[in-house]
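First the structure, in the form of C-alpha cells, and then the observations on it.
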Amino acid sequence: MMLETPQHKYRPFAPVNLTDRTWPGRTLEAPPAWLSTDLRDGNQALFEPLDVDAKREFFELLCAVGFKEIEVGFPSASRAEFAFVRDLIERRAVPEDVTIGVLTPARADLIDRSIEALTGARRAIIHVYNAVSPVFRDVVFRKSKAEVMAMAVDAVRRIRVSTNRRRETQWVLQYSPEAFSATELDFAKAVCDAVVEASGATDEAPVIINLPATVEVATPNVFADQVEWMHRHISRRETVILSVHPHNDRGTAVAAAELAMMAGAERVEGCLFGNGERTGNVDLVTLALNLYTQGVAPGLDFARLDEIARTASRLTRLPVHPRHPYVGDLVYTAFSGSHQDAIHKGLSARRPDGPWDVPYLPLDPKDVGRDYQAVIRINSQSGKGGIAHLLEAHYGVVLPRRMLIGLGAAVQARADEKGGEITAAEIWRVFCDSYLKDSHAARYHGHELDSGADGDRVRLHVAIGGQAVRYEGCGNGPLDAACRALPGAMRLCHYEERAVRAGSDARALAIVEVAGPEGARTVMAAGLHESLVTASLMALVRAWAGLTASAATLTASAPHVVLGGPAAAQQAGLP
C-alpha cells in the first residue's frame with residue numbers, strides 16, 4: 001500500500017528567513033576543532049556499553065588519531081562512568097595536549113557530581129545542556145520559556161562558582177541548547193546570550209556554544225541557515241566558540257556539518273564512524289577525509305584507517321559496512337568492466353609527482369593504508385580492463401590487446417561457471433590454460449642454437465603425435481630461424497617479451513602471434529621459461545600447432561622427421 005499524503009501528520013519545517021545568506025559562496029579552507037564523543041554519545045548508543053578496559057583502549061585510539069578534545073563520559077549517570085573519568089585523571093593517562101570533557105544535565109546534583117569527576121585534570125570541558133524546543137517545553141518539561149532559560153542560567157552560574165574553587169584545573173564551559181535545530185531562533189539566541197553573560201566568557205577564556213541537531217528535522221541548507229543566523233546575531237560573538245553536533249536522522253549529517261562550517265561553525269562533535277543514537281552522529285572519518293580530498297589537511301591521522309576501523313568495530317561490536325565511505329572493504333574496489341578499464345588506465349597514466357586524478361577513485365587508497373591490489377576484483381560483471389590490472393599488479397604481465405580480448409572471454413566463462421569472484425591466481429591459471437598449454441598435436445621438447453656469420457641456425461626438437469621430430473633452419477635470429485624450420489607457410493606477426501613474477505623466481509614470458517598461409521587467421525600463444533630464447537621457441541611451437549588441425553596434418557607436412565614411432569620417441573625422452 002502506498003503511503004498516504006502526510007500533511008495531516010507531519011508538518012514541514014519552516015525555512016529560515018535569511019535572504020542574504022553567505023555560506024553558499026564559501027569554501028572550506030581549514031578544518032574545524034574536532035571533538036570525539038565516541039566514549040559518551042557513541043557509548044550510550046551501544047547494545048552493550050564499553051567496559052573500563054575497552055574505554056581505555058578506545059581513548060588511546062582517539063588520542064593516536066589526533067583528537068585534542070574527547071568527551072569521555074557521563075559521570076553523573078553511573079558509578080562506572082564516574083570511575084572511568086577518575087581513572088584517566090589519577091593514572092595521568094591524558095596527554096598534555098588533550099582536553100577531556102564530560103556531559104551533565106542542567107541539574108544541581110548532577111553538575112556537582114560531574115565537576116567532582118573532573119577535578120584534578122589539567123584541562124577539562126564541563127558540558128551542560130537543557131532542551132529548549134517547543135515540544136520539550138510543552139510536553140516533556142511543561143515549563144515556560146522563562147523557566148527553561150532560568151534552568152540554563154542557574155546551571156552555568158553553579159558551574160562557575162564551583163569551578164572557581166578548583167583552580168588546579170583549567171575549566172572550559174560548554175553549553176548546548178538541546179534540540180536547537182527544532183527551536184525558534186530568537187529563543188535559542190536569547191538562551192545562549194544569557195548563558196554567555198552568566199559564564200563570564202572573555203576573548204581569552206571563551207565559552208563553547210554547541211548547536212545540536214539533536215534530531216535532524218530539515219535539509220542541510222536549513223541547518224546551515226540556522227547556524228549562520230546564530231553566527232551573525234549571538235551576542236559577544238568574539239567570546240564564543242561556535243560548535244555543532246549534527247545527528248543523522250535524515251541521512252545528511254555530513255552535509256549538514258560541512259554547510260554549517262561554511263556558515264560559521266568552528267568546531268564539530270561526532271563519532272569516528274557515525275555511531276550514536278538512532279541513525280547516529282555525524283561521521284567524523286567521512287567528514288575529515290572529505291576535507292582531505294579537497295586539499296585541506298584535517299589534522300587527524302587516518303593513514304592506518306583499516307586498523308582504526310578494526311579496533312573500533314571490535315570494541316563497539318558494530319560492523320563497518322563494506323560500502324562505508326573511505327573505510328569499507330569494497331569502497332576502492334571495482335567489479336564493473338567499464339570502471340575497471342578506466343581505473344586501470346588512470347593508474348597506468350598517473351605520474352608519481354602528479355595530482356591524484358584516477359577515475360572512480362576520489363582518494364588514493366595508499367593515503368589511508370590500502371594498496372592497489374584490491375582496487376579491481378573480477379566477477380561476471382567485469383571486463384578486460386580489470387583482468388589487465390590484476391595481471392599487471394600481481395604478475396607484472398602486460399598483455400597485448402588482442403590476447404587480452406581472448407583471455408577476457410575465457411575468464412568471463414570461468415566466472416559464469418563459478419558464479420562468484422575470480423581471484424588474480426585464478427585469472428593466471430586461465431591464462432596458462434589458454435596460452436601456455438601444449439596442444440595434443442605438437443609439443444616443444446628442446447633446441448640447439450648455433451650462431452655464425454650467416455645468421456642463426458636452430459635445431460628444433462618437437463614431439464608430434466608420439467613421434468620425435470627435428471627441424472632445422474637458418475635465419476636472422478632464433479625466431480626467424482625456427483619459423484623457417486617449421487613446415488608450412490607460417491609468418492610471425494607479433495612478438496613481445498616480459499619478465500613475470502609467477503612464483504618465487506622471475507621468469508621470461510614470450511608472446512607470439514603467427515599467421516597461416518592465407519594470412520586470414522592468426523593464432524597467439526605464449527611461453528614461460530628461465531631462458532627467453534626457450535620461452536620464445538615454446539610459444540612459437542604452440543602457435544604453429546594452433547594453426548594446424550591435427551597431429552596427422554603436422555606429421556604429414558614434416559619433411560624433416562628424423563625419429564619415428566613410439567619407441568624412438570621414448571628413446572628421445574618424449575612423452
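Using modelled atom types and a 3.5 Å distance limit, the side chains of Ser78 and Glu81 yield no donor-acceptor pair. Counted by atom type alone, Asn130 and Glu178 present zero donor-acceptor pairs between their side chains at under 3.5 Å. Defined by atom type and a distance below 3.5 Å, a donor-acceptor pair is present between the side-chain atoms of Trp23 and Asp225.
A salt bridge does not link Glu307 with Arg310: every distance from a Lys NZ or Arg NE/NH1/NH2 to an Asp or Glu carboxylate oxygen is 4.0 Å or more. With respect to the salt-bridge test (charged N to carboxylate O, under 4.0 angstrom), the residues Asp364 and Lys366 do not qualify. Asp112 has a carboxylate O that lies under 4.0 Å from a charged side-chain N of Arg158, or vice versa, which qualifies the two as a salt bridge. Residues Arg236 and Glu197 are paired through a salt bridge, judged by an N-O separation under 4.0 Å between the basic side chain and the carboxylate. For the pair Glu57 and Arg314, the salt-bridge criterion is met [side-chain N within less than 4.0 Å of a carboxylate O].
The number of heavy-atom neighbours closer than 6.0 Å to CD of Glu238, taken from other residues, nucleotides and ligands shown, is above 12. Within a 6.0 Å sphere centred on CZ of Arg79, other residues, nucleotides and ligands contribute 12 heavy atoms or fewer. Heavy atoms of other residues, nucleotides or ligands lying less than 6.0 angstrom from CZ of Arg304 number 12 at most. Counting non-hydrogen atoms of other residues, nucleotides and ligands closer than 6.0 Å to CG of Asp357 gives a total of 12 or fewer.
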**OP:** Carefully, step by step, assess Asp186 and Lys189 under the rule salt bridge (Lys or Arg N to Asp or Glu O under 4.0 Å).
**Re:** CA-CA 5 Å; Asp186 57 350; Lys189 166 184 155 50; over 6 Å; no
**OP:** Decide salt bridge (Lys or Arg N to Asp or Glu O under 4.0 Å) for Asp87 and Arg56; before the verdict, give the C-alpha distance in whole Å, the side-chain angles of both, and the deciding distance to 0.1 Å.
**Re:** CA-CA 9 Å; Asp87 174 75; Arg56 284 176 179 171; 2.7 Å; yes
Original post:
Can you list the steps and then say if Glu71 with Gln174 is a side chain to side chain donor-acceptor pair (under 3.5 Å)?
Top reply: CA-CA 11 Å; Glu71 197 165 58; Gln174 176 174 336; 5.3 Å; no
**OP:** Please lay out, stage by stage, how Arg237 and Glu266 fare under the test salt bridge (Lys or Arg N to Asp or Glu O under 4.0 Å).
**Re:** CA-CA 12 Å; Arg237 178 67 180 88; Glu266 305 153 90; 2.8 Å; yes
**OP:** Take Glu258 and Asn290 through the test side chain to side chain donor-acceptor pair (under 3.5 Å) and record every step on the way to the result.
**Re:** CA-CA 9 Å; Glu258 290 177 329; Asn290 281 358; 3.0 Å; yes
**OP:** Determine, stepwise, if the pair Glu69 / Arg267 fulfils salt bridge (Lys or Arg N to Asp or Glu O under 4.0 Å).
**Re:** CA-CA 10 Å; Glu69 295 183 7; Arg267 180 176 180 270; 2.8 Å; yes
**OP:** For side chain to side chain contact (heavy atoms under 4.5 Å, CB included), just list the numbers for Phe223 and Phe13, CA-CA rounded to whole Å, side-chain angles, deciding distance to a tenth of an Å, and then say yes or no.
**Re:** CA-CA 11 Å; Phe223 186 61; Phe13 195 84; over 6 Å; no
Subject >> Check against side chain to side chain donor-acceptor pair (under 3.5 Å), Thr22 and Glu228 >> reply: CA-CA 8 Å; Thr22 61; Glu228 180 165 344; 2.8 Å; yes
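Separation of atoms OG1 (Thr99) and NZ (Lys68) is listed at 10.0 Å; rounding is to 0.5 Å. Rounding to the nearest 0.5 Å gives a distance of 8.5 Å between CG of Leu103 and CG of Asp41. For the atom pair Ile126 CD1 and Leu118 CG, the distance stands at 5.5 Å (nearest 0.5 Å). Interatomic distance, CG of Leu300 versus CG of Leu62, reported as 10.0 Å (0.5 Å rounding). Summarising the geometry, atom OG1 belonging to Thr219 is positioned 6.0 Å from atom CZ belonging to Arg250; distances are rounded to the nearest 0.5 Å. Note that OG1 of Thr183 and CG of Leu211 are 10.0 Å apart. Values are rounded to the nearest 0.5 Å.
At least one donor-acceptor pair closer than 3.5 Å links the side chain of Thr316 to the backbone N or O of Leu318. Panel note: side chain Thr169, backbone Ala121; a donor-acceptor pair is recorded below 3.5 Å. Judged by distance alone, the side chain of Trp34 and the main-chain N or O of Gly66 form no donor-acceptor pair under 3.5 Å. Counting only distance, with no hydrogens or angles, the side chain of His231 and the backbone of Val227 share no donor-acceptor pair below 3.5 Å. Under a 3.5 Å cut-off, the side chain of Lys55 and the backbone N or O of Val72 do form a donor-acceptor pair.
Ring geometry for His245 against His247 counts as tilted: the plane angle lies between 30° and 60°, on a 0 to 90° scale. Relative orientation of the Phe74 and Tyr129 rings is perpendicular, given thresholds of 30° and 60° on the angle between their planes.
Contacts classified as salt bridge (charged side-chain N to carboxylate O under 4.0 Å, His left out) and involving residues 280-302 (residues at least two apart or in different chains) are not found. Pairs engaging residues 251-309 under the ring-ring contact (aromatic ring centres under 6.0 Å, His included) rule: Phe273-His324 [sequence neighbours left out].
Judged by the 6.0 Å distance and 45° axis criteria, Arg137 is positioned over the aromatic ring of Phe187. Cation-pi geometry between Arg317 and Phe47 is not satisfied (NZ or CZ under 6.0 Å from the ring centre, within 45° of the ring normal).
Between Ala117 and Val85, the shortest heavy-atom distance links the atoms O-CG1, 3.5 Å. When all heavy atoms of Val195 and Ala152 are compared, the closest pair comes out as CG2-CB, 4.0 Å.
For the pair Ser243/Pro212, no side-chain contact is recorded, criterion being any heavy-atom separation below 4.5 Å from C-beta on.
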